[in-house]
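Report on the structure given below.
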Amino acid sequence: MRLFKKDYATYEDEDLMRFFIKGDRKAFEQIYDRYENFMINFFYRKLWSDREKAEDFTHDLFTKIIDKPTAYDPSRSFKTWLFSVANNMCKNEYKKQEVRKPTRYEIPEDGLVRDEQDQPDREVDKNNFKEQLNKELAKLNEIHRDVFMLRHFEGLSLIEIAETLGINEGTVKSRLHLATKTLASNLAVFRETMV
Amino acid sequence: MTKEVEDIIKNKAFTELTVDERQRVGELAKNEEEYSEMQWFLLTATSAFESSKVTASPKMKNCVMEHLTNVGEKKGFWLNSVGVFMLPKGEPLFKKPLVQLGLAAALLVGFLAYYNQTIPENTLALNEAEQEEIFLNDPAGPITDSTVKNSSEEVQEQEMEMNGDLSENPKIMNLNDEVAIGQYKDAVQAEPSMSLVEDDVSIPVPENSEFGNGIAAALAEERSKVNSNKRQEMRADVVKKEDFDLEKQMEVLEGEEVVARETFVSAPEIASEELFARGSSYASDAQDQIIPKSLHIERTKELNQLFFIVK
């Protein structure tokens, strides 16, 4: 079967982009399937948990890739390039909305429990933890918060974070350690109730 | 490095760590208590993030794929319309329209360049002059130096005719000489016949008879016709004779025809005197008479020979 048909799932992102630049439609479909949820969640959290806005931005991001695939530099990592483009789109949106402050990640409200009495105690503790986590993330400095969310929410490596944000890998590492230690110490109170 | 540290913290207990792993984990957790706290935080936060993730709707994917299809159709339009037509696959190189158009354009440009280089400006000017000559061409033929000369000669001849200097024209002089001598001979030979005609006409008939009177009247009428014709011819001859040069007349007089000339000269004078003596009504009657058509033609030819130049 592989003699006659490409197995796009086995290809790296960079190879798929090369195929797409040459006009391979299925290569783009594979890329879209890989990063659709990543991007919509990224925008969802970066853009004030607005699902409609997140979908619009995700749509715009992929249409930009379709219209101008040559904008991608194959020598770079596609994942970091994609996140850097998305991050720049969010920054432009902040400038439009004249909101400098909210480069903050928010855990969606869908996961929060409204009526605490109808839920078991364990779920209540989880929801409380999420609320408190959001608050602690909001308290963090923007540069520390971004690194932490890219690392633990988006799942990027230190190198990818460094390329996405355009900073040194050592800086990413130190920022990440500081953010993790701060959050862990501030949320340690929930450990006794949740464990 | 850090990912490995986090993976180590999430997946292993503190007692399971190797010496190397403990050194690496020591950046985040220096002892077992801190390690356990960090492990709980990372696992709880990861689960919280995972549970809070949203999923994209299929509608968004359809929109993106529709955009991809539209872009592909736009590219396909150009490929199908222009690219496929100009460079069809499977055709020989010389049969492709783009190659053919390119060759035609190259030939045209090359021809124009060669044409502009080889023809100097003065040649172009001569060509234009020839075209003007062709443009002025008329049914009479092209105007050349010879035609200009001929036309100038004709103009001179016409002017001479208008001025009455025909005697100075050598062509006309020769023609007059021939005509004059010939006419003169005829006139000389015709002179005695005239007298004979007159003699022959005078047929004796009994007088005072009706038949005789009728014949006499008819004869007189016929005689008057003949006399009028002869008189006109002689007048024409006299006019021609007056145009002769003196030298020609002297030559004629020195020849054998002197006697005949004198006779000729005297004959029309006598005839005219006789005709005029018979009365002016005779002459008028003769002029008013209708001349036969054949005579008309002959006389017209003679006059043409006398007064017009045969080209």
Side-chain angles (χ1 to χ4, degrees), chain A residues 20 23 25 28-29 32-33 36-41 44-45 49 51 54-56 58-59 61-63 65-67 105-112 125-127 129-130 133-134 148-149 151-158 169 172-173 176-177 180-181 183-188 190-191 194-195, chain B residues 1-10 13 23-80 83:
Chain A
F20 176 61
R25 179 194 170 98
F28 178 80
E29 290 179 0
Y32 183 85
D33 290 338
E36 179 190 32
N37 287 324
F38 276 109
M39 290 297 108
I40 197 169
N41 280 288
Y44 182 71
R45 283 162 180 76
S49 299
R51 187 185 179 93
E55 287 191 350
D56 290 342
T58 306
H59 178 271
L61 175 64
F62 283 107
T63 52
I65 296 170
I66 291 169
D67 292 336
Y105 288 86
E106 292 181 357
I107 296 172
E109 295 177 355
D110 297 343
L112 297 177
D125 292 337
K126 281 187 177 179
N127 292 335
F129 176 80
K130 288 179 183 176
L133 181 60
N134 285 332
F148 181 83
M149 292 305 292
R151 175 69 189 93
H152 293 285
F153 188 81
E154 310 297 345
L156 300 183
S157 65
L158 294 181
E169 185 180 351
V172 173
K173 189 175 179 180
L176 181 61
H177 285 178
T180 305
K181 279 189 173 181
L183 290 172
S185 62
N186 292 338
L187 295 172
F190 289 91
R191 184 186 172 194
M194 292 178 69
V195 174
Chain B
M1 184 74 181
T2 308
K3 187 176 181 180
E4 291 176 355
V5 169
E6 290 173 348
D7 291 336
I8 292 167
I9 293 172
K10 285 180 181 177
Q23 289 179 351
R24 293 166 60 183
V25 169
E27 297 174 356
L28 290 174
K30 293 179 180 177
N31 52 36
E32 188 176 359
E33 181 63 23
E34 289 181 1
Y35 182 86
S36 299
E37 187 179 346
M38 187 61 68
Q39 189 179 38
W40 171 84
F41 172 74
L42 292 175
L43 289 172
T44 309
T46 305
S47 64
F49 291 146
E50 290 294 329
S51 63
S52 61
K53 282 187 176 178
V54 294
T55 54
S57 63
K59 185 181 176 182
M60 191 183 73
K61 184 177 181 180
N62 292 333
C63 291
V64 174
M65 293 305 155
E66 187 179 355
H67 182 77
L68 178 64
T69 306
N70 293 333
V71 172
E73 284 179 355
K74 285 178 182 176
K75 290 178 180 176
F77 171 75
W78 284 102
L79 288 172
N80 291 327

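Below, chain A is the first sequence line, B the second, and so on; all start at residue 1.
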Residue B:Ser57 versus chain A: region with a heavy atom under 4.5 Å: both
Chain B contact via A:Asp56 - which portion, at a heavy-atom distance below 4.5 Å: neither
Main-chain N/O of A:His177 paired to A:Thr180 side chain as donor or acceptor, under 3.5 Å: no
Contact class of B:Lys59 relative to chain A, heavy atoms under 4.5 angstrom: neither
Geometric class of the B:Phe41/A:Phe148 ring pair [parallel <30°, tilted 30-60°, perpendicular >60°]: tilted
Max heavy-atom pair count under 4.5 Å with chain B, selected residue of A:Arg25, A:Glu36, A:Lys181: A:Arg25
Region of A:Ile65 that comes under 4.5 Å of a non-hydrogen atom in chain B: neither
Neighbour count above 12 (heavy atom, 6.0 Å) for A:Phe38 CZ: no
Separation between CD of B:Glu37 and CG of B:Leu28, rounded to the nearest 0.5 Å: 11.5 Å
Aromatic A:Phe153 / basic B:Lys53 pairing, under 6.0 angstrom, 45° off normal: yes
